[in-house]
Enquirer: 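Supplied in structure tokens, the structure appears directly below.
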Amino acid sequence: MNKAFTLNEQERLLTVNIRDTVPLPGAADGYTLVPLFLDRENGVWVLYGIFQPGVKLPTHFHTGTVHFFTTKGQWNYDEYPEDPQTAGSYLYEPGGSMHTFSVPADAEEPAEGFMVVHGANINFVDGKIHSIRDAGAIEDGLLEAVKAGLGPMPKYFRPAGGAVASKA
């Protein structure tokens, strides 16, 4: 008879509540982030974002897929004005997509949402590469913000493993 067994024993669930943390500044003015899971090695980042009315992020290219679930407010991609994302919207973005995130300036509330991103965002300003944001860059930015006193150290998860060479 086969018995089910646990591969990873845990004393407690690996869980965090966005209401129990202080959002930290994003890479640009007008939005804040709550990190939930940052995996530098596999290039996966899970964040809760809060975007103020009038926020427009740089045009960016996704090297991997994105899942975005909007929980509050409204936002859209400038390239797709006929497809606004509102509370309850789930958006799937295939790798290789490129667009410009914005919240209407006359929005009555911030847009908020939960995102799972694989890979990196390559950000463009005036048609030229401006920056690259991936799990490592986001974690570095958050740690710098904490060091600068912009908020307390948030609780988030990151894999404890890492690449190592086998012994010959």
Side-chain angles (χ1 to χ4, degrees), residues 8 14-18 21 23-145 154-163:
N8 292 311
L14 299 174
T15 183
V16 62
N17 189 315
I18 61 169
T21 189
L24 290 166
D29 290 337
Y31 77 98
T32 55
L33 301 172
V34 175
L36 301 170
F37 179 85
L38 298 172
D39 183 347
R40 291 172 178 261
E41 190 169 317
N42 292 300
V44 178
W45 29 300
V46 181
L47 306 170
Y48 189 81
I50 303 164
F51 305 90
Q52 298 301 316
V55 164
K56 184 172 188 161
L57 301 181
T59 300
H60 57 276
F61 174 85
H62 289 284
T63 65
T65 60
V66 176
H67 302 269
F68 194 112
F69 183 77
T70 303
T71 59
K72 185 177 177 184
Q74 176 180 326
W75 64 275
N76 64 279
Y77 287 130
D78 288 356
E79 296 81 4
Y80 303 96
E82 68 284 358
D83 294 319
Q85 300 299 293
T86 58
S89 294
Y90 163 74
L91 175 71
Y92 169 74
E93 302 173 23
S97 61
M98 189 168 181
H99 37 247
T100 309
F101 180 102
S102 64
V103 178
D106 61 354
E108 295 180 10
E109 62 183 344
E112 298 185 17
F114 170 81
M115 65 194 86
V116 178
V117 182
H118 296 259
N121 284 4
I122 301 173
N123 299 307
F124 294 86
V125 173
D126 297 327
K128 296 181 180 172
I129 293 177
H130 173 267
S131 59
I132 297 175
R133 300 284 289 165
D134 62 6
I138 290 167
E139 186 172 43
D140 290 347
L142 292 171
L143 295 174
E144 287 173 21
K155 176 182 177 184
Y156 63 94
F157 302 105
R158 62 192 310 262

Enquirer: For the residue pair Gln74 and Pro84, what are the closest heavy atoms and their distance?
Expert: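 That would be NE2-CB, 3.6 Å.
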Enquirer: Spell out, as yes or no, whether a donor-acceptor pair under 3.5 Å connects the side chain of Asn121 to the backbone of Asn123.
Expert: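 Such a contact is absent between Asn121 side chain and Asn123 backbone.
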Enquirer: Drop me the distance from Leu47's CG to Ile138's CD1, to the nearest 0.5 angstrom.
Expert: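 Going from CG on Leu47 over to CD1 on Ile138, the span is 5.0 Å.
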Enquirer: Considering non-hydrogen atoms only, spot the tightest contact between Thr100 and Lys56 and give its length.
Expert: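 Taking every non-hydrogen atom into account, CG2-CE, 3.6 Å.
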Enquirer: If you take all heavy atoms of Tyr92 and His67, which pair is closest and at what distance?
Expert: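 The answer is CD1-CE1, 3.6 Å.
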Enquirer: Verify the distance criterion only: is there a donor paired with an acceptor across the side chains of Tyr48 and Thr21 at less than 3.5 Å?
Expert: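 No, no side-chain donor-acceptor pair sits under 3.5 Å.
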Enquirer: Rounded at 0.5 Å granularity, tell me how far CD in Glu144 sits from CD in Glu139.
Expert: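 Interatomic distance, Glu144 CD to Glu139 CD, rounded to 0.5 Å: 11.5 Å.
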Enquirer: For Pro81 and Asn76, which heavy atoms make the closest approach, and how far apart are they?
Expert: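 Heavy atoms only, the tightest pair is CA-ND2, 4.2 Å.
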Enquirer: Can you tell me how far NE2 of His60 sits from CZ of Phe101, rounded to the nearest 0.5 angstrom?
Expert: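 Rounded to the nearest 0.5 Å, the CZ-NE2 separation comes out at 8.5 Å.
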Enquirer: Report the C-alpha distance between Val34 and Glu112 in whole Å, list the side-chain angles of each, state the deciding distance to 0.1 Å, and finish with yes or no for side-chain contact (heavy atoms from CB on, under 4.5 Å).
Expert: CA-CA 11 Å; Val34 175; Glu112 298 185 17; over 6 Å; no
Enquirer: Given side chains that start at C-beta, do those of Ile18 and Leu36 come closer than 4.5 Å, heavy atoms only?
Expert: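 Yes, side chains in contact.
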Enquirer: Strictly distance-based, threshold 3.5 Å: is any side-chain N or O of Trp45 a donor or acceptor partner for the main-chain N or O of Gly119?
Expert: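 Flag set: sc Trp45 to bb Gly119 pair under 3.5 Å.
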Enquirer: How about His99 and His62: does a side-chain donor come under 3.5 Å of a side-chain acceptor?
Expert: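 Short answer, yes.
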Enquirer: Under 3.5 Å, side chain of Thr59 to main-chain N/O of Phe124, donor-acceptor pair present?
Expert: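 No, the answer is negative, given that no donor and acceptor are paired below the 3.5 Å cut-off.
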Enquirer: Please give me the minimum heavy-atom distance between Thr63 and Ile122, naming the atom from each residue.
Expert: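 That closest heavy-atom pairing would be CG2-CD1, 3.9 Å.
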Enquirer: So Tyr31 and Trp75, ring-ring contact (aromatic ring centres under 6.0 Å, His included) or not? Walk me through it.
Expert: CA-CA 13 Å; Tyr31 77 98; Trp75 64 275; over 10 Å; no
Enquirer: Find the distance between OG (Ser89) and CZ (Phe69) and round it off to the nearest 0.5 Å.
Expert: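 Taking OG in Ser89 and CZ in Phe69, the distance rounds to 8.0 Å.
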Enquirer: Answer yes or no: are there more than 12 heavy-atom neighbours, outside Phe157 itself, under 6.0 Å from its atom CZ?
Expert: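 Counting neighbours around CZ of Phe157, more than 12 heavy atoms of other residues, nucleotides or ligands fall under 6.0 Å, so yes.
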Enquirer: More than 12 non-hydrogen atoms from neighbouring residues, nucleotides or ligands closer than 6.0 Å to NE2 on His130, yes or no?
Expert: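 It does not: His130 NE2 has 12 such atoms or fewer within range.
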Enquirer: Within this structure, what is the OG1-NZ distance for the pair Thr15 and Lys155, rounded to the nearest 0.5 Å?
Expert: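 Output value for this atom pair is 6.5 Å.
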Enquirer: Kindly give the heavy-atom pair with the smallest separation between Pro159 and Leu38, and that separation in Å.
Expert: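 Shortest heavy-atom contact: CD-O, 3.7 Å.
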Enquirer: If you count heavy atoms of other groups shown closer than 6.0 angstrom to CG of Asp29, is the number above 12?
Expert: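 Atom CG in Asp29 is not packed in, count stays at 12 or less.
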Enquirer: Would a distance-only check, ignoring hydrogens and angles, find a side-chain to backbone donor-acceptor pair under 3.5 Å from Gln85 to Asp83?
Expert: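 Looks like yes, one N/O pair under 3.5 Å.
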